[in-house]
There are 2 protein chains.
Amino acid sequence: MKTSKPKVVDVARMAGVSTATVSRVLNDPSVVSEATREAVLKAVKDTGYRVNRAARNLRTNTSRTVLALVPNLSNPFFSNILSGLERELSAADYSLLVTDSGDVQLTADQIQRYIAAGQADGLVILDGSIDLNELQMVQSAVPPVPIVFACEWVEGFSGPSVRADNEAGIRMLVQHLWQQGHRRFGHVAGPDTNVLSHRRQNAFEQAVQDCGGEIQHGWMLPGDFSIAAGKEAAARVAAMRDGPTAWVCASDQIAFGLIAGLTEAGIKVPDDVSVTGFDNIEMTEVFNPPLTTIHQHRNKMGNEAARCLLQLLRGGQPSQAAPTVMPVYLVDRQSTGPAREKAQA
Amino acid sequence: MKTSKPKVVDVARMAGVSTATVSRVLNDPSVVSEATREAVLKAVKDTGYRVNRAARNLRTNTSRTVLALVPNLSNPFFSNILSGLERELSAADYSLLVTDSGDVQLTADQIQRYIAAGQADGLVILDGSIDLNELQMVQSAVPPVPIVFACEWVEGFSGPSVRADNEAGIRMLVQHLWQQGHRRFGHVAGPDTNVLSHRRQNAFEQAVQDCGGEIQHGWMLPGDFSIAAGKEAAARVAAMRDGPTAWVCASDQIAFGLIAGLTEAGIKVPDDVSVTGFDNIEMTEVFNPPLTTIHQHRNKMGNEAARCLLQLLRGGQPSQAAPTVMPVYLVDRQSTGPAREKAQA
DNA sequence: TACCGTTATGTAATCGATTACACATCACTG
DNA sequence: CAGTGATGTGTAATCGATTACATAACGGTA
């Protein structure tokens with residue numbers, strides 16, 4: 001009775017070949033003759049052999065593992081992306097290591113820890129708040145560390161990234177609102193430190209200008225992507241006279257908070273003002289009123305990011321050039337409606 | 001200029017000691033004299049040395065990694081738990097590997113793959129739909145694989161688990177509704193295959209009986225934990241005459257779907273019927289009406305599960321005995337209100 | 001026949017850390 | 001002073017797979 005786990009030697013002995021041959025069958029079957037290959041495979045099956053990852057990793061100096069840096073694991077938004085990543089990676093026999101980059105400002109040093117320790121071969125970063133210098137230090141290491149950004153990214157970083165078409169999304173929303181007769185537009189932004197916030201805010205200003213709508217400085221409210229931010233914004237909005245009739249929020253959660261706050265203040269959505277979100281998270285559909293928003297293919301973004309990284313890991317060119325931009329589309333629901341001019345008190 | 005990564009030998013040379021001593025300083029400092037310890041630590045710092053995990057793993061036959069089996073990564077419910085897990089594990093210098101047990105029915109073989117390959121030292125399972133036999137096979141391996149269940153669990157499995165006090169939660173809800181004057185109760189259940197569904201459903205029946213309320217077979221609706229399930233239930237509810245005035249749902253998402261569906265059908269919540277959820281996910285607060293539900297400490301459950309597993313990994317006794325049951329509490333919001341008898345048409 | 005190129009396989013070095021065992025030193029004790 | 005135990009350190013074996021290099025066998029060609 002074999003008591004310990006089977007190893008290559010055991011397989012080799014049973015198949016009557018050398019360990020080298022066993023290894024070859026497992027890693028590059030084409031160089032082995034048909035007959036021996038079958039004998040070895042049979043022996044593998046009979047012994048129940050499984051390669052020892054640690055040994056392989058040591059020898060080959062790889063880990064077949066990818067590390068995902070997630071700004072906040074508690075945020076449901078990211079779970080879909082992780083899901084997409086995981087699926088694609090595991091299909092390629094890679095594992096997914098997850099860490100919450102959360103409250104700590106990640107330094108090159110900390111990132112290197114994973115790489116240098118041989119725990120991960122590459123990174124998928126979902127966190128755009130990482131310092132560019134640190135990033136470049138990581139990337140300029142020898143050998144360079146394969147990195148792919150997903151969803152968020154860092155301005156100035158030259159490497160592949162997968163993202164939604166934020167500009168197009170915002171444009172669709174503004175145009176949609178415009179067509180419903182809205183002329184005065186407001187925005188509740190995401191966190192100041194976040195690329196997506198900036199992109200969406202800029203796109204918003206641009207889009208409103210393009211169709212000739214009105215924006216005022218006081219209608220650009222700060223926030224982060226949270227429900228709480230939406231609520232705070234609601235307080236300000238409630239206090240406005242002749243404010244916007246349409247509010248474009250940087251995230252669904254902000255929109256939820258805003259609508260909740262407005263409703264509480266007696267302002268009706270969409271009768272008095274229209275509100276839009278961004279992301280189309282699951283809940284938007286059952287929210288009351290159901291939220292008009294922009295849908296992103298989060299799962300697919302995860303898949304795509306994984307594919308991108310795998311390509312890098314296999315030594316493919318940094319598919320440099322432009323970031324991969326995933327299309328988005330408008331989901332028209334009942335949080336938006338025809339503009340109604342406020343009584344010009 | 002050193003071109004390659006520093007290794008123990010490099011550190012040893014610089015500190016003027018042997019590799020054994022370096023290793024000792026890093027792993028069990030107490031056996032090394034003060035002076036050498038400092039010299040070594042300095043050398044470690046100066047060289048920028050980091051242990052090679054693969055080498056260590058190979059030698060020690062451990063991975064300092066824990067695998068989390070998540071039934072559905074896309075479900076926001078789990079991200080909080082992962083977050084709690086990750087925090088606790090990384091504090092103990094363990095890494096978190098994540099895999100979606102999703103659509104595939106996991107077999108012992110597949111689980112063993114991770115363990116046997118030396119990719120993980122233990123498991124945290126969030127998926128209660130794993131077959132008991134398979135599980136026992138895994139656990140009865142030599143050496144046994146440390147496993148901790150979190151949130152969900154498998155009936156009959158003898159091992160540590162961390163869970164919410166589902167019974168107490170349901171009881172609180174029913175009593176709360178009873179106090180508001182409700183006498184006829186209905187339930188929308190979770191998936192048939194899930195322990196939580198059963199627990200909550202049984203607890204519901206028990207609680208209603210205990211206070212003398214009325215249940216009918218037709219008021220126990222099937223579902224899964226999804227919004228869609230809630231919507232389907234709504235259709236049935238809308239068709240009822242003299243149905244329950246209070247609906248207890250197995251999850252917040254079901255409640256959302258149910259309320260959305262009822263509202264659409266012209267039934268008002270809470271004026272016509274009261275509805276409760278379970279989980280207190282973030283969105284409950286801004287939902288319209290805000291949802292009365294049961295709060296679970298998901299983060300803490302993650303922490304606790306991690307601590308449990310770490311204890312096992314360190315050779316502690318399977319802290320057997322009873323599962324760890326985390327307290328829950330009622331969050332009273334506006335989806336529930338005084339019972340109003342339906343017109344006895 | 002002698003030589004060459006393929007193809008298939010084996011031998012043994014190697015990856016980098018941990019650790020069993022051996023050894024040296026020193027302070028005490030009887 | 002010899003003996004004992006505690007303490008600190010070094011030498012070298014070891015974990016299990018991969019792979020550079022060597023070798024063998026064979027068919028074909030000059």
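The structure presented is a predicted model; accordingly, all values stated were derived computationally and were not measured. Lettering of chains follows the sequences in order, A, B, ..., and the numbering in each one begins at 1.
- Comparing A/N61 and A/V32 by the nucleotide of DNA chain C whose heavy atom lies nearest to each, the residue mapping closer to the 5' end is A/V32.
- Contact annotation: B/Y49 reaches the phosphate of C/dA17 (side-chain N/O to OP1 or OP2, under 4.0 Å).
- Among the heavy atoms of the strands lying under 4.0 Å from B/V17 are primed sugar atoms or P, OP1, OP2 only; no base atom is included.
- Between B/S30 and A/A20, it is B/S30 whose nearest contact on DNA chain D lies nearer the 5' terminus.
- Backbone-only contact: B/S33 has heavy atoms under 4.0 Å from sugar-phosphate atoms and none from a base.
- Between the side chains of B/Q119 and B/T65, no donor-acceptor pair of N or O atoms lies under 3.5 Å.
- Protein atom NZ of B/K7 is 11 Å distant from nucleotide atom C1' of C/dT14, rounded to whole Å.
- The distance between atom CG of A/N57 and atom P of D/dA17, rounded to the nearest whole Å, is 12 Å.
- Summarising the geometry, the separation between CD on B/Q119 and C1' on D/dG16 is reported as 15 Å, rounded to the nearest angstrom.
- Residue A/R56 contributes atom CZ, which lies 21 Å from atom P of C/dA17 at whole-angstrom precision.
- The residue among B/A54 and B/T21 whose nearest nucleotide of DNA chain C lies closer to the 5′ end is B/A54.
- Scanning atom types as modelled, one donor and one acceptor separated by under 3.5 angstrom connect the side chain of B/R24 and the base of D/dG10.
- Residue B/R37 contributes atom CZ, which lies 10 Å from atom P of D/dT9 at whole-angstrom precision.
- Atom CG of A/L58 and atom C1' of C/dA13 are 13 Å apart (whole Å).
- Counting non-hydrogen atoms under 4.0 angstrom, A/V22 reaches nothing in the nucleic acid.
- If you check every strand for non-hydrogen atoms under 4.0 Å, A/T19 touches a base.
- The pair A/D121-A/R64 does not meet the salt-bridge criterion, since no charged nitrogen lies less than 4.0 angstrom from a carboxylate oxygen.
- Computed from coordinates, the A/R50 CZ to D/dC15 C1' distance equals 20 Å when rounded to whole Å.
- Side-chain atoms of B/R59 and base atoms of D/dG16 include no donor and acceptor less than 3.5 Å apart.
- Residue A/M326 places its CE atom among more than 12 non-hydrogen atoms of other residues, nucleotides or ligands, all under 6.0 Å distant.
- Although no hydrogens or angles enter the test, the distance criterion places no donor-acceptor pair under 3.5 Å between the side chain of A/N57 and the main chain of B/A54.
- B/L132 approaches B/G156 most closely through the heavy-atom pair CD1-C, 3.9 Å.
- Rounded to an integer number of Å, the gap from B/N52 CG to C/dT14 P is 17 Å.
- Across all strands, A/N27 comes closer than 4.0 Å only to sugar-phosphate atoms, never to a base (heavy-atom distances).
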